[in-house]
Number of protein chains: 2
Amino acid sequence: MTRDGGSGGAAGVDPQQLWLNTGRSGKGRRPAFSREAITAAAVALADSEGIEAVTMRRVAAQVGAGVMSLYSYAPDKETLLELMVDHVSGELPATGAPTGDWRADVKAVAHLQRDLMLRHPWLPAALSTRRGLGPHTLAFLERALAALRPTGLDGAARLEAFAQLTAFVAGHVAHEIAQAAVARSPDRAAAEARYLAAVAADGHHPELAEVLSAPARPVSPEATFTRFLNRLIDGLGSD
Amino acid sequence: MTRDGGSGGAAGVDPQQLWLNTGRSGKGRRPAFSREAITAAAVALADSEGIEAVTMRRVAAQVGAGVMSLYSYAPDKETLLELMVDHVSGELPATGAPTGDWRADVKAVAHLQRDLMLRHPWLPAALSTRRGLGPHTLAFLERALAALRPTGLDGAARLEAFAQLTAFVAGHVAHEIAQAAVARSPDRAAAEARYLAAVAADGHHPELAEVLSAPARPVSPEATFTRFLNRLIDGLGSD
DNA sequence: TCTATTCTCGTACACTGTACGTAAATCGAG
DNA sequence: CTCGATTTACGTACAGTGTACGAGAATAGA
């Protein structure tokens with residue numbers, strides 16, 4: 001009996017072996033489930049009930065497996081989370097012909113990432129601890145590097161730029177989601193407003209007081225995102 | 001018996017009540033510990049052994065309290081994490097006279113945030129789910145808003161700019177930490193290099209292949225950070 | 001048919017957050 | 001001082017977590 005692989009095969013010391021070795025040897029009992037199905041179930045759970053609902057027991061129940069059967073497909077839960085990240089990255093269109101306007105191309109890349117993160121709100125936090133290097137992530141990286149080619153940046157700099165862009169998008173969306181969560185609940189929003197007003201009234205926070213005193217005109221999140229994104233991108237061409 | 005407050009007082013529905021109400025009524029048994037001490041112990045634990053080492057039992061042991069005694073100071077663990085975030089924000093110098101060069105001032109703000117996150121590597125991930133609105137965080141926000149004043153942006157835009165800056169720094173540092181963790185372990189780094197080389201050799205990742213084929217000249221993380229920070233800041237004044 | 005290999009999954013265990021209840025400390029009032 | 005009210009301290013208990021172990025079932029090649 002092995003406890004380190006499964007139909008896909010995952011190693012202990014070498015985290016990258018996860019992504020290779022997906023072939024079956026042919027011998028032994030035929031797998032009843034698949035890494036795909038398990039990962040998809042985990043993603044569905046995280047999407048609908050939040051990342052904390054992703055427990056081995058609930059994922060197993062979702063796919064109709066015994067709990068311990070999951071460990072034939074991923075060596076541990078952390079690995080399952082990595083699989084989840086790459087799984088949703090599969091939703092990103094990896095092909096997108098360079099249009100000749102590299103700014104537009106890079107903008108498109110960032111917007112695809114943002115849309116993905118909004119569809120899977122657990123993703124920004126999951127990415128902040130993990131480095132996605134699965135096939136889907138790498139396919140999208142390929143597209144991003146191609147989009148960045150006309151900038152004239154060298155290879156390392158393009159890699160950096162993509163990492164930076166991803167970090168920016170993740171940070172932005174995380175904030176955006178938190179903001180939206182507060183706004184969705186009127187009591188929460190009111191409580192926060194009351195609290196901030198109290199702080200502003202203490203005299204030690206003049207800047208905050210001024211900001212709060214101004215009429216709060218509504219601004220769409222995507223407008224904000226686009227604005228900051230443009231700033232970041234405009235800086236890319238010039239060294 | 002109450003289970004909703006303590007020497008500080010924390011409420012159920014109103015998360016902001018956490019930060020108010022820190023006065024003791026005078027009655028009842030005198031507290032043997034303090035929110036400060038408990039939070040500091042939790043932070044020390046997270047700094048030295050990672051955020052997953054922060055369990056109620058270990059924090060209690062650290063301060064010499066019974067486990068359930070912690071619940072007199074924070075209503076639940078999530079609240080303790082919020083306290084931790086604000087606690088470390090206390091390390092940020094809240095005063096820093098505007099120098100007249102607002103770009104430099106904003107840059108200083110970002111660098112202070114980055115240094116803080118490097119000192120407390122769990123902070124980026126913790127921030128990505130939480131919105132710090134504690135006194136220390138607000139004090140630093142005050143400084144940031146003051147630094148942004150000369151940009152000519154209106155209140156809401158300055159608030160946005162700060163949130164964006166924080167999100168950017170958190171995203172960057174999270175990536176920086178992950179990168180450093182891999183680099184610290186030669187086996188990990190070698191395994192990753194081997195894996196990426198294999199992917200690049202498959203013919204389907206020409207961009208990645210090119211990036212990897214170039215000689216990897218070492219580049220300091222702070223240089224990268226500064227470069228991208230400048231790009232972001234340069235875009236702030238316009239529009 | 002035999003054996004090696006692979007997958008399935010029930011049971012068990014250490015560990016988590018925390019609800020509940022009791023005991024101890026401290027206050028103001030009488 | 002005594003008394004009741006109030007607050008804190010914390011042992012015990014419980015549901016839920018990730019997963020180690022090992023016994024059994026299924027399959028392929030010899």
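This is a predicted model, so every value here is computed, not measured. Residue numbers begin at 1 in each chain, while the letters A, B, ... track the order of the sequences.
- Here B:Thr166 pairs with B:Gln113 under the side-chain hydrogen bond (donor to acceptor under 3.5 Å, both in side chains) rule; sequence neighbours left out.
- Annotation: side-chain hydrogen bond (donor to acceptor under 3.5 Å, both in side chains) contacts of B:Arg130 (sequence neighbours excluded): B:Glu78.
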Does the pair A:Leu80 and A:Met56 meet the rule for a side chain to side chain contact (heavy atoms under 4.5 Å, CB included), with working shown? CA-CA 9 Å; A:Leu80 179 57; A:Met56 301 305 269; 4.3 Å; yes
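- Note: CE (B:Met68) to P (C:dG21) measures 13 Å, nearest angstrom.
- Shown here are the side-chain hydrogen bond (donor to acceptor under 3.5 Å, both in side chains) partners of B:Arg119, two or more places apart in sequence or in another chain: B:Glu91.
- Remark: B:Arg58 engages B:Glu49 in a salt bridge (Lys or Arg N to Asp or Glu O under 4.0 Å) (not counting sequence neighbours).
- Here A:Asp115 pairs with nothing under the side-chain hydrogen bond (donor to acceptor under 3.5 Å, both in side chains) rule; sequence neighbours left out.
- Contacts between residues 54-67 of chain A and DNA chain D, counted as heavy-atom distances below 4.0 Å, involve A:Val54, A:Thr55, A:Met56, A:Arg57, A:Val67.
- Checked against salt bridge (Lys or Arg N to Asp or Glu O under 4.0 Å), A:Glu176 has the following partners two or more places apart in sequence or in another chain: A:Arg114.
- At the phosphate of C:dT6, neither OP1 nor OP2 sits under 4.0 Å from any side-chain N or O atom of A:Ser72.
- Annotation: ring-ring contact (aromatic ring centres under 6.0 Å, His included) contacts involving residues 114-135 of chain A, sequence neighbours excluded, comprise A:His120-A:Trp122.
- For residues 158-172 of chain A, the salt bridge (charged side-chain N to carboxylate O under 4.0 Å, His left out) pairs, not counting sequence neighbours, are A:Arg158-B:Glu207, A:Arg158-B:Glu210, A:Glu160-B:Arg227.
- Considering only residues two or more places apart in sequence or on other chains, A:Arg131 meets the salt bridge (Lys or Arg N to Asp or Glu O under 4.0 Å) condition with B:Glu192.
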How would nucleotides 25-30 of chain C be written as a contact map, 5' to 3', with B for base contact, S for sugar-phosphate-only contact and - for no contact, using protein heavy atoms under 4.0 Å? BBS---
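- Rounding to whole angstrom units, CZ of residue B:Phe33 and P of C:dA24 are separated by 16 Å.
- Taking atom CG on A:Leu80 and atom P on D:dT19, their separation rounds to 10 Å, with Å as the unit.
- Looking at residues 36-52 of chain B, you'll see that no heavy atom sits under 4.0 Å from any atom of DNA chain D.
- Between C:dT8 and A:Tyr73, a contact under 4.0 Å exists linking OP1 or OP2 to a side-chain N or O.
- Side-chain atoms of B:Lys77 lie closest to C:dG17 of the nucleotides C:dG17, D:dT19, C:dA19.
- Atom OH of A:Tyr71 is separated from atom C1' of C:dA12 by 14 Å (rounded to the nearest Å).
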Evaluate side chain to side chain contact (heavy atoms under 4.5 Å, CB included) for A:Leu229 paired with A:His111, printing each intermediate quantity in order. CA-CA 9 Å; A:Leu229 178 61; A:His111 272 100; 3.9 Å; yes
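- Between the CG atom of A:Leu70 and the P atom of C:dG10 there is a distance of 12 Å, rounded to whole Å.
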